[in-house]
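Both ligands and their constituent atoms are indexed starting at 1 by order of listing.
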Amino acid sequence: MAVVFRTCKSLSKNAIFTRGISSSLRLHSQKPPTPPEPLVNVDVDDKSGVAVVTLNRPPVNSLNTPLLSELKNIIKGLEDNKSRGMILTSSSETVFSAGLDLMEMYNAPKDKLSAFWTTLQSTWLALYRSSFPTVAAINGHAPAGGCLLSLSCEYRVMVGPKFSIGLNETQLGIVAPPWFVICMRDVLGHRQTEMALTSGRMFSAPEALKLGLIDAMVTNKAEAITEAQKFIAQFAKIPPLARKLTKESVRQEGIKYMEDNMIDDLQMFMDLVTQEKIQKGIGLYLASLKKK
Ligand SMILES: CCCC/C=C\CC(=O)SCCNC(=O)CCNC(=O)[C@H](O)C(C)(C)COP(=O)(O)OP(=O)(O)OC[C@H]1O[C@@H](n2cnc3c(N)ncnc32)[C@H](O)[C@@H]1OP(=O)(O)O
């Protein structure tokens with residue numbers, strides 16, 4: 001194959017060779033394929049040093065392993081560059097993130113399932129403990145994993161009133177792991193977290209604002225970004241090291257939980273999600289989404 005490729009390449013710079021079903025070699029003269037769009041975009045403002053990080057996996061930004069991996073690398077890059085802050089948002093007009101990609105959990109081989117969960121764990125930890133200020137500009141629906149990402153930020157501005165947010169896992173027959181619970185409890189307190197999680201309730205933006213699940217409600221994405229920038233600007237005069245250590249101290253429970261329990265947490269996930277009845281439930285839920 002390598003020899004064939006070299007020989008043919010010399011014929012045309014833009015030639016792409018494919019083997020058909022009959023194994024015959026065909027030559028198409030065409031432009032090289034355009035590279036795929038990044039799953040996550042970063043745009044750093046030169047003046048403020050604040051990064052707008054945009055989830056970009058149409059149609060609903062469901063979180064699969066490649067997207068999570070890209071997000072983690074971006075957060076690490078921002079860490080290395082001593083970022084002044086990060087605003088997490090979405091390129092979709094209606095969905096911030098539909099949460100974990102159910103296709104990653106449905107009929108998946110164990111190695112892929114395990115890679116998916118460990119990538120989620122490490123991405124979450126990178127975001128949750130990031131040294132720089134983080135804001136979620138929630139410009140669409142944010143169920144389950146979408147809500148988790150925003151809860152892991154320090155401040156949430158949501159476009160309302162029509163979008164909804166919440167950890168709806170129980171409605172799907174699955175269980176939010178302890179670190180999801182810690183994230184929600186950090187924000188809502190014990191009582192409201194218990195009420196929200198046991199029912200798997202999704203909240204409209206006005207309801208979320210009343211409850212404290214979000215900090216501000218605006219009417220469009222541009223306003224959400226402006227509010228997010230204002231939140232981050234408050235920290236301009238706070239020494240970054242003092243801020244970082246304080247954030248780590250406040251978030252110690254979640255950080256320590258993940259550091260100490262990564263393997264057990266993975267095992268819990270694998271044990272739960274590979275159960276036949278859970279697989280059946282995910283399959284039915286996926287079918288109901290597609291039927292809509
Ligand atoms: C043990 C495990 C513990 C932790 C577990 C889970 C945490 C999770 O995050 S599980 C995921 C939970 N997510 C949801 O329940 C959200 C489901 N989606 C929706 O409610 C809607 O899609 C949403 C309101 C976000 C957007 O609505 P629409 O704009 O109307 O889009 P569609 O519903 O038509 O969806 C378009 C397309 O995307 C597929 N889709 C949607 N969500 C997911 C998902 N989470 N994973 C995979 N695929 C998803 C949907 O089926 C449609 O597919 P096609 O019909 O093939 O286009």
Side-chain angles (χ1 to χ4, degrees), residues 39 55-68 71 89-108 110 112-124 127 136 138-152 158-184 193 196-205 208 254 257-258 261-262 264-292:
L39 296 167
L55 304 173
N56 181 39
R57 183 169 182 246
V60 293
N61 284 328
S62 58
L63 308 170
N64 66 354
T65 307
L67 184 153
L68 289 165
L71 180 58
T89 192
S90 156
S91 62
S92 158
E93 306 248 300
T94 54
V95 184
F96 175 72
S97 164
L100 305 189
D101 187 340
L102 293 160
M103 296 306 291
E104 296 277 38
M105 295 187 265
Y106 187 56
N107 283 341
K110 284 203 171 157
K112 289 219 160 146
L113 210 48
S114 161
F116 170 62
W117 197 254
T118 49
T119 308
L120 175 68
Q121 289 174 325
S122 54
T123 306
W124 172 77
L127 175 63
I138 310 162
N139 56 324
H141 298 293
C147 177
L148 176 77
L149 287 183
S150 66
L151 284 171
S152 310
M158 186 163 178
V159 173
K162 67 178 178 188
F163 300 131
S164 59
I165 181 166
L167 292 178
N168 62 339
E169 281 77 358
T170 44
Q171 285 203 28
L172 278 67
I174 49 182
V175 181
W179 43 290
F180 284 45
V181 178
I182 292 171
C183 272
M184 189 172 250
T193 295
L197 278 178
T198 50
S199 62
R201 182 166 163 197
M202 291 293 295
F203 298 91
S204 68
Y257 177 84
M258 184 54 83
N261 294 287
M262 265 191 176
D264 288 351
D265 181 71
L266 171 64
Q267 197 55 53
M268 258 193 283
F269 168 71
M270 299 290 285
D271 288 347
L272 181 77
V273 93
T274 53
Q275 282 176 33
E276 214 179 301
K277 63 173 187 294
I278 301 290
Q279 282 296 308
K280 203 171 156 201
I282 296 177
L284 288 171
Y285 187 61
L286 268 168
S288 75
L289 284 173
K290 289 190 187 300
K291 234 196 291 167
K292 263 195 336 181

Check the pair Phe116, Phe269 against side chain to side chain contact (heavy atoms under 4.5 Å, CB included), reporting the backbone distance first and the verdict last.
CA-CA 11 Å; Phe116 170 62; Phe269 168 71; 4.3 Å; yes
The complete set of side chain to side chain donor-acceptor pair (under 3.5 Å) pairs with one or both residues in residues 164-175, sequence neighbours excluded, reads His141-Ser164
Could you tell me whether the side chain of Phe96 reaches within less than 4.5 Å of the side chain of Asn61, counting heavy atoms only?
no
Residues that Asp101 engages under salt bridge (charged side-chain N to carboxylate O under 4.0 Å, His left out), provided they are two or more places apart
Arg57
What are the atom names and distances for all N or O pairs under 3.5 Å between ligand 1 and the protein?
residue  : atom   : partner : partner atom : Å
ligand 1 : 9 (O)  : Leu100  : N            : 2.7
ligand 1 : 9 (O)  : Gly145  : N            : 2.9
ligand 1 : 13 (N) : Ala98   : O            : 2.8
ligand 1 : 15 (O) : Asn168  : ND2          : 3.0
ligand 1 : 15 (O) : Tyr285  : OH           : 2.6
ligand 1 : 30 (O) : Lys292  : NZ           : 3.0
ligand 1 : 33 (O) : Lys292  : NZ           : 2.7
ligand 1 : 45 (N) : Ala98   : O            : 3.2
ligand 1 : 45 (N) : Leu100  : O            : 3.0
ligand 1 : 46 (N) : Leu102  : N            : 2.9
ligand 1 : 53 (O) : Lys290  : NZ           : 3.4
ligand 1 : 56 (O) : Lys290  : NZ           : 2.8

Residue list, side-chain contact (heavy atoms from CB on, under 4.5 Å) with Lys277, at least two apart or on another chain:
Gln275
Give the intermediate values and the outcome of side chain to side chain contact (heavy atoms under 4.5 Å, CB included) for residues Thr274 and Gln279.
CA-CA 6 Å; Thr274 53; Gln279 282 296 308; 5.7 Å; no
